[in-house]
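What you see is a predicted model, and the numbers here were worked out from it, not measured in a lab. Residue numbering restarts at 1 for every chain, and letters A, B, ... go by the order of the sequence lines.
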Amino acid sequence: MMRRLGILIIVIIANLILSNQSAFGTSGGVTNVGALASGAIEDTGSREWVELHRAGDLLIGRPAIKDIGLITVYAPGVDESHLIIREVKLPDGRRSLFFGAPNKLSRKTLRATIYMKHSAMNLVLLENVKGRWIERRPQAIPVTENVSSEILQDVIVAFSVDKFGSYWVLEGHSQTPGQISAISQKQSASTLLGGGYMRGLLPWAGAFLLLGIGWTLSRWTHSLERKRVQ
Amino acid sequence: MHILANIINLLLPVFPIKKNRLVCRWQFVVFLLMAILSGCVKAESKEAPIDNFQLKQPAVAYNPRSFSLESSSVLSRKEITEDLRLLRVSGFRSLVTYGSKGLLGSIPEMARNVGFDSVVIMGIWDPFSKEEWSNALAQAPYVDGYCLGNEGLGVRYNPNELAAKMDELRRLTGHPVTTSEPIDSYLTGPYRDWLLTHSDWLFPLAHPFWADQSDPAMAVDWIVARHDYLTAKTGRNVILKEAGYPSGGVERISEETQLAFFKVLESKGLSFFYFEAFDQPWKKNILRHHEVEAHWGIYQSDGTPKKVAEWLSERWSKR
């Protein structure tokens, strides 16, 4: 009985610890639990396996995820690979993207670029680099596309990133894209995302509550066991 | 055939073949012959387009420091050799030139003599100049490819004229031939299809500074986004003929920001030529261009190294 309770408590604590970690694409279960524990019960998410094929020196992928038209990766020594993209949409329109990649691809990647389908110039991408959120401004690229014998003029938006991991895509950014070049490293995620402190505190409060319940249950069953022995 | 049979006989003690299975020996001979022939075919395919070659970085876009459009300016073989030695000390092994008039037309040979052992691309500024043309043909043994014209499509020459000259140069030298235009012209605009069709390799110019990208990291993002889109859409190797960032001429620009730009750009693994070797004051003094135009060099016009050149030399000396 005691052993079972001990295991139960360990599982609960492990789950609590995991649910407070940054979630990365390949760890599907973790992203789900993480999203729920972060107060994202109303969020909608999707996950996609994106094959990367060679084009010249690059690996390229075309995900079906809305808005992302093309991903290019430069990883010398890797001929073919894949990405797992996890997209979580919040009710207020913000989106988080998790790009999971095999170890070899992650290790060898020197640059990667995410091309959006539309010329939404007010987008900003936040990239998590070693625990810090770095703001990536969009690069507008004028292009001509030949689509079924029609020639279409368009402006696409691209974000260059250093590594695969977690990103936020925010809309409605007021600053002129590509013009203001400072990459801010001082702003906190809370400031950049516009979130309140409750989103950050809730998982911790939940964790302590569950820990308390676990501890009480443990004490109670322990005392019952002791009475039965006496 | 006899030689092959002898080789097999020599190998018999090592890999014994039963005498009643002599047919196997001849099968083995045929197999060896096929293997050798397939090797020959493969070796021939190495003569493929320049899309297959890789630059050994760093590479530099070179115009002599004594160059000027002034009629009084005189180039000397000694000065050009000194320039090239200076660049070699910074670790450069590949270069691209712009024109082949007069002594400029001997730069590829001089570069090989001072140790440029990687890719050498010879530039021909005026596709219709007989002097440039004959110099370019004479330098064929020293070059890997030609760049015919520079930022002149629809201005100094029309596409049909240029295409004819490019075909002729290919035929006469056996080398790949291309031209150069700003990178956006390869993505959109009236000459996009022409450039993608007629260039043996894509050789665009990338200058984010003229697109208001004054922050070094953003300037590199500007280049990477365009370069990689072009590669992804065409499947071709893209080598940037010019990727540069000035060190002066306006506020907020300095040798430090120039160095920061090139450090980030190097870390991305792109194939590019450093633009450019030496400051060219004539661009401001004679052409009356913007002050910035005189400050793109990684060396000053008197040969004094800027911070980028010092960084490259230090890195090279550690190899």
So, Lys268(B) and Asp162(A), do they make that salt bridge, N to O below 4.0 Å? yes

Partner residues of Lys117(A) under the side-chain contact (heavy atoms from CB on, under 4.5 Å) criterion, sequence neighbours left out: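 Per chain and number, Lys117(A) pairs via side-chain contact (heavy atoms from CB on, under 4.5 Å) with no residue.
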
Is it the case that the side chain of [X] and the backbone of [Y] share a donor-acceptor pair, with hydrogens and angles ignored and the cut-off at 3.5 Å?
X         : Y         : answer
Arg192(B) : Thr144(A) : yes
Gln139(A) : Met218(B) : yes
Tyr115(A) : Ala225(B) : yes

If every non-hydrogen atom of Asp221(B) is compared with every non-hydrogen atom of Ser160(A), which pair is closest and at what distance? OD1-CB, 3.4 Å

If you round to the nearest 0.5 Å, how far is CG of Asp228(B) from CD1 of Ile141(A)? 9.0 Å

Starting at OG1 of Thr113(A), measure out to CZ of Arg226(B) and round the result to the nearest 0.5 Å.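 Rounded to the nearest 0.5 Å, the OG1-CZ separation comes out at 11.5 Å.
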
Atom group of [X] that falls short of 4.5 Å from chain A, counting heavy atoms:
X         : answer
Tyr229(B) : both
Leu270(B) : both
Thr231(B) : both

Around atom NZ of Lys163(A), are there more than 12 heavy atoms from other residues, nucleotides or ligands closer than 6.0 Å?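 Atom NZ in Lys163(A) is crowded, with more than 12 foreign heavy atoms closer than 6.0 Å.
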
Run the side-chain donor-acceptor check on residues 97-108 of chain A: report pairs under 3.5 Å with partners two or more places apart or on a different chain.
from	atom 1	to	atom 2	distance (Å)
Ser106(A)	OG	Pro102(A)	O	3.4

Contact leader toward chain B among Ile156(A), Thr72(A), Asp57(A), where contacts are heavy-atom pairs under 4.5 Å: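 The option with the most such pairs is Asp57(A).
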
Heavy-atom proximity to chain B below 4.5 Å, by part of Ala158(A):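 Interface part for Ala158(A): side chain.
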
Under a 4.5 Å cut-off applied to non-hydrogen side-chain atoms, are Asp184(B) and Pro142(A) in contact?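 With C-beta onward as the side chain, the pair touches.
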
